[in-house]
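Hydrogens, waters and symmetry mates are skipped; everything else that's a heavy atom, side chains included, is used. Numbered from 1 within each chain, the chains take letters A, B, ... in sequence-line order.
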Amino acid sequence: MSEISSGKIEIIQVDKFYDDVHAVRGVSLTIPAGSYCCLLGPSGCGKSSLLRMIAGHENASAGDMHIDGRSILGLPARQRPTAMMFQSYALFPHLTCLDNVAFSQKMQGVDKVTRHAKAKDMLDMVQMGDFGQRLPAQLSGGQRQRIALARALITEPKVLLLDEPLSALDENLRVLMRNELRQMQQKLGITFVHVTHTNTEAIATSDMVVVMGDGVIDQAGPPREVFNHPASLYTARFMGGHNIVPVRDGRLQFGGGQTAEPPKGDAGYYSLRQDLTLIEPLAQSSHSAEPSIEASIARVEYEGASFKVTLDRGDPAPLIARVFDRDFETSGLTVGAPVRLRFEMADLCPMRS
Amino acid sequence: MASFSPRGISWLQTAPLVVILLVFLIAPLAVIVMVSFWDYSVGGMYPDFIWLNYEDLLTSPTTIALYQRTLKFAFLVWMITLIIGFTVSYFLTFCIRSTVWRMALFLVCTVPFWTSNVIRMIAWIPFLGRNGAINQGLMAGGVIDEPLDFLLFSEFSVVLTYVHLYTLFMIVPIFNAMSKIDFDIIEAAQDAGATGFQVLRNIILPLTLNGIGLGSIFIVTLVMGDFFIVRVMSGSQSGTVASGMAYEIGGLQYPAAAANAVVLVAVVVVIVSIILRFVDVRKVLTE
């Protein structure tokens with residue numbers, strides 16, 4: 001923790017086979033030192049395997065991995081400059097919280113007084129100072145997670161690996177904890193690699209989102225870039241919040257035979273953020289706007305701050321528009337009402353299929 | 001239907017167990033304690049209250065010798081079954097990754113139990129005897145010139161048979177405790193820098209301690225109460241406390257045997273209490 005920004009991870013052409021299953025397929029990725037990286041994808045996409053290979057709990061079948069320029073391949077987990085936080089927290093059930101946190105120090109042969117003092121500092125850092133003498137079974141999920149965090153950080157790792165750290169928590173606590181994890185990462189200046197299947201969690205915490213599917217990286221980049229410019233159909237669907245507009249015969253397809261000239265390029269699909277897809281009742285709209293696409297409202301769903309308005313457009317998948325709730329109340333939009341779409345051509349983002 | 005108070009229902013629910021324990025445990029023990037104070041002669045036994053049986057027992061050098069040997073057997077068998085039980089359980093739990101194989105191999109451990117104790121015990125005799133398989137094999141291989149005499153009808157064969165018959169009682173509780181250890185916990189320990197031996201010492205052993213305790217209770221009580229195996233396998237050349245009792249019963253010296261039994265029960269209770277100081281057996285059974 002002394003030097004600022006250590007923990008650069010380079011993953012070079014890594015493969016992982018489990019018997020016949022090719023779980024990770026030739027993945028290459030560079031995670032900058034001191035960044036918060038989220039590996040995002042559905043279960044079985046290879047993100048956890050990748051994390052466990054960085055930790056040393058799995059061996060890569062092929063490829064190489066470096067941390068701060070040194071290959072970690074073949075090193076056992078205990079010799080790697082990484083620490084892992086498990087999804088189940090994996091606290092030692094027979095040890096008090098203090099001894100759980102002090103465990104790695106004990107393994108190094110540090111005397112009891114010194115290691116307990118250091119463990120106490122770590123407990124204070126995660127605001128669990130009063131719980132040192134409790135057993136893990138006596139703690140709530142969120143408290144256990146703090147202990148697990150303290151236990152991982154006491155080893156002064158260059159890289160902290162978090163395997164679905166928030167999945168066992170309820171929604172409110174999850175939002176609170178992801179914020180704390182982010183703050184902790186910024187305070188320590190080490191690299192965090194966080195595996196999750198929740199897109200909101202990934203974009204809220206990270207400097208870098210790595211979307212994975214079927215053992216390969218689909219897209220990697222800063223969260224705003226990945227969210228605003230999904231490079232593929234897969235990422236757009238997984239990130240959510242996007243309408244997908246296909247191109248057929250060189251024209252954007254909006255359903256019901258309505259088409260428009262696509263922006264330059266030869267992409268097969270374009271994405272359009274749902275909140276940038278605006279609608280207005282047909283009766284109130286002027287015809288001047290181009291392209292002029294019409295549709296009717298199939299469903300309306302209240303989501304709190306906004307309404308999710310689903311537009312029926314026949315052949316391609318429905319379009320969705322999100323309307324701020326106050327605007328919705330005054331707009332006169334109802335199910336079955338004909339509407340006109342409004343969007344900026346610049347907001348259309350080309351994607352590979 | 002008559003209505004009962006909650007208290008009454010609790011009593012009713014515990015009644016069957018209370019009755020069983022009273023009839024089959026407390027009553028016989030009470031009779032033994034009572035008889036241990038009676039007087040006896042060649043002709044029979046007479047209700048009395050004398051300490052003579054205990055005096056005879058506790059001042060006899062035979063008693064000391066029998067207890068020494070019984071405790072030696074118990075300790076040896078405990079040590080060996082513990083090492084085997086822990087190793088086998090460790091192998092089954094952490095080295096076999098497939099659940100199907102793990103259960104299959106565990107069942108293999110129980111195969112010897114498909115035959116009776118007596119057969120399993122007797123089966124050793126042709127194997128260990130002077131002209132048995134081991135001696136013949138070793139002589140044929142030129143390892144020894146004369147048959148090894150210590151193999152059968154010796155303390156060696158007694159301990160061997162105990163280990164063979166009782167190891168499963170150690171394997172089952174340890175395997176049970178080990179299979180409850182979450183593999184993430186082992187990985188977390190490795191992640192925290194623990195070597196293989198440190199994981200064993202700091203994680204697996206403490207989390208298996210309750211199983212070890214339960215197995216130890218089984219082994220100690222089984223060995224301390226045996227007189228049959230020791231008689232057959234030592235060729236009546238060795239004896240335990242229970243052999244002494246069997247001998248007294250054979251001589252119709254019931255009050256002496258009863259005093260012997262009371263002392264043995266006391267000794268076993270002390271040993272089990274010591275084991276229980278280290279482990280929480282209730283946790284093993286309920287978790």
Spacing of B:Asp182 atom CG and A:Phe86 atom CZ [to the nearest 0.5 Å]: 9.5 Å
Rounded to the nearest 0.5 Å, what's the gap from CZ on A:Phe92 to CD1 on B:Ile185? Could you check? 7.5 Å
Taking every heavy atom of A:His94 against every heavy atom of B:Pro206, the minimum-distance pair comes out as CD2-CB, 3.4 Å
Residues, nucleotides or ligands: over 12 heavy atoms within 6.0 Å of B:Phe278 CZ: no
Going by heavy atoms in the side chains, are A:Lys106 and B:Gln198 under 4.5 Å from each other? no
Of all the heavy-atom pairs spanning A:Met107 and B:Gly193, show the shortest one and how long it is. CB-O, 4.1 Å
Separation between CD1 of B:Ile203 and CG of A:Leu95, rounded to the nearest 0.5 Å: 6.0 Å
Looking only at heavy atoms, which two atoms of B:Ala188 and A:Ala90 are closest? And how far apart? CB-O, 3.8 Å
Got a second to check how far A:Met84's CE is from B:Asp184's CG, nearest 0.5 Å? 7.5 Å
A:Ser88 side, atom OG; B:Glu187 side, atom CD - distance, nearest 0.5 Å: 9.5 Å
Would you say B:Phe75 has more than 12 foreign heavy atoms packed within less than 6.0 Å of its CZ? no
Side chain, backbone, both or neither of A:Arg52 within contact of chain B (heavy atoms, under 4.5 Å): side chain
For B:Asp191 and A:Thr82, which heavy atoms make the closest approach, and how far apart are they? OD2-O, 4.1 Å
